[in-house]
Protein chains: 2
Amino acid sequence: MSDLLTRLRARGWHLTAQRRAVAEVLHGEHLHLTADEIHERAVGVLPEISRATVYNTLRELVEMGEVLELSADGKARRFDPNVTETHQHLVCRGCGALFDVPSPDVSELAPPRAHRHGFTIDAVEIVYRGLCPSCQAEPVRPPDGRRPAG
Amino acid sequence: MSDLLTRLRARGWHLTAQRRAVAEVLHGEHLHLTADEIHERAVGVLPEISRATVYNTLRELVEMGEVLELSADGKARRFDPNVTETHQHLVCRGCGALFDVPSPDVSELAPPRAHRHGFTIDAVEIVYRGLCPSCQAEPVRPPDGRRPAG
DNA sequence: TTCCATGCAAAGTGTTTGCAATAAT
DNA sequence: ATTATTGCAAACACTTTGCATGGAA
């Protein structure tokens, strides 16, 4: 419900100028920035903030459960401030574009106990993969312009 | 059905000693090795094989659709040779252990057209996150032994 | 001969860490 | 005073790339 900054204040987290800058960058619901993008934007707010502090802060936010970490694209992690509404992600194979989508009912999806290897399960994450409109037009265009074999 | 090496032969792929070594390492159904682990094992078969060749070969196999790439843990990618049976993955938050689980019926899970942002969707990937039996015993023990804040 | 695959080493990303300086209680 | 946080730079882990060599068609 409330935004990240409000939740952090409510939780009594020690809010330095740097941590506030990161939290401000993460304001919003449909944001999926990489750590470096967050650093770039945080520099706009607080010019002397360092990459290390951004990484440290993000790690802490993830550990506190106030930010989600997405590893949908194998490359840089993305950070998602929307932890209050369960949702899933749509990812373009061509350009990596990433969108939130509402979650279907996942209560029936967990594997039967016989296949759980003794695990407890606390989250069901779904990634829908496909092509965004512009990558449908020009077949697959990976970052380097190479074509897939096939 | 058939194993990777057989499929590659059937497809007429130019099978050098190096590519064969990689394919042999990837023999099996429930394997989720990183590129470096694959290189290590391939060296056991063909001592002079280089990392670059392993990476190149893996990229080609993924592009051909003969191997799946998993990015479930944000760190190193893992390569999954089981492309013949749709399945999903169970991942431990504590130690990163990763298991295959049978896929539930995903035909009803795709988001309604209104939420697809014009994407085509060709795959639905599910990651179940939780704790494996040994990480349940000793709370969370990330690779470096640090405890999450709480 | 022509082309493709390989190996090496270097460069490129993305991320973490050691440590001294600084700011907060 | 004491403790926590920051910034810097170096270290690290993972992956890709340029180029000369070598083998296959």
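Chain letters run A, B, ... following the sequence lines, proteins first, then strands; residues in each count from 1.
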Rounded to whole Å, CH2 of Trp13(B) lies from C1' of dC4(C) at a distance of 12 Å
With Leu58(B) as partner, the option from Thr53(B), Ile38(B), Leu33(B) fulfilling side chain to side chain contact (heavy atoms under 4.5 Å, CB included) is Ile38(B)
Glu69(B) CD to dT15(D) C1', in whole Å, measures 11 Å
Is there a donor-acceptor contact under 3.5 Å from the side chain of Gln136(A) to the main chain of Gly118(B)? yes
query = Distance-only, no hydrogens or angles: does the Gln18(A) side chain make a donor-acceptor pair with backbone N or O of Ile49(A) under 3.5 Å?
reply = no
Next on the checklist: If we count only N and O atoms by modelled type, under 3.5 Å, do the side chains of Asp36(B) and Thr34(B) hold a donor and an acceptor together?
Outcome noted: no
Here the distance between atom P of dA23(C) and atom CD of Glu48(A), to the nearest Å, is 10 Å
Whole-Å distance, Arg59(B) CZ to dT6(C) P, equals 11 Å
note: His39(B), atom NE2; dA13(D), atom C1'; distance rounded to Å ~ 16 Å
For this session: Measure from the ring center of His87(A) to the ring center of His89(A) and say whether it is less than 6.0 Å.
Result: yes
Shortest non-hydrogen pair, Gly96(B) vs Val91(B), comes out as O-CG1, 4.3 Å
Sorted by number, residues from residues 19-28 of chain A placing a heavy atom under 4.0 Å from DNA chain D are Arg19(A)
Among dT6(C), dA24(C), dG7(C), the one nearest any side-chain atom of Thr57(B) is dT6(C)
Looking only at heavy atoms, the pair that brings Ala123(B) and Arg93(A) closest together is CB-NH2, 3.5 Å
Do other residues, nucleotides or ligands put more than 12 heavy atoms under 6.0 Å from the CZ atom of Arg41(B)? no
Whole-Å distance, Asn56(A) CG to dT16(C) C1', equals 8 Å
Q. For atom CD of Glu48(A), is the number of surrounding heavy atoms from other residues, nucleotides or ligands below 6.0 Å larger than 12?
A. yes
In B/S/- notation (B base, S sugar-phosphate only, - none; protein heavy atoms under 4.0 Å), nucleotides 9-15 of chain C written 5' to 3' is -----SB
_For a quick test of reading the model: is some side-chain N or O of Thr16(B) closer than 4.0 Å to OP1 or OP2 of dA5(C)?_
no
- prompt: Does Ser50(A) place a side-chain N or O at less than 4.0 Å from the phosphate oxygens OP1/OP2 of dT6(D)?
  reply: no
* To do: Determine: side-chain N/O of Gln18(A) to OP1/OP2 of dA23(C), distance under 4.0 Å, yes or no.
  => no
Atom CG of Leu46(A) and atom P of dT5(D) are separated, to the nearest Å, by 16 Å
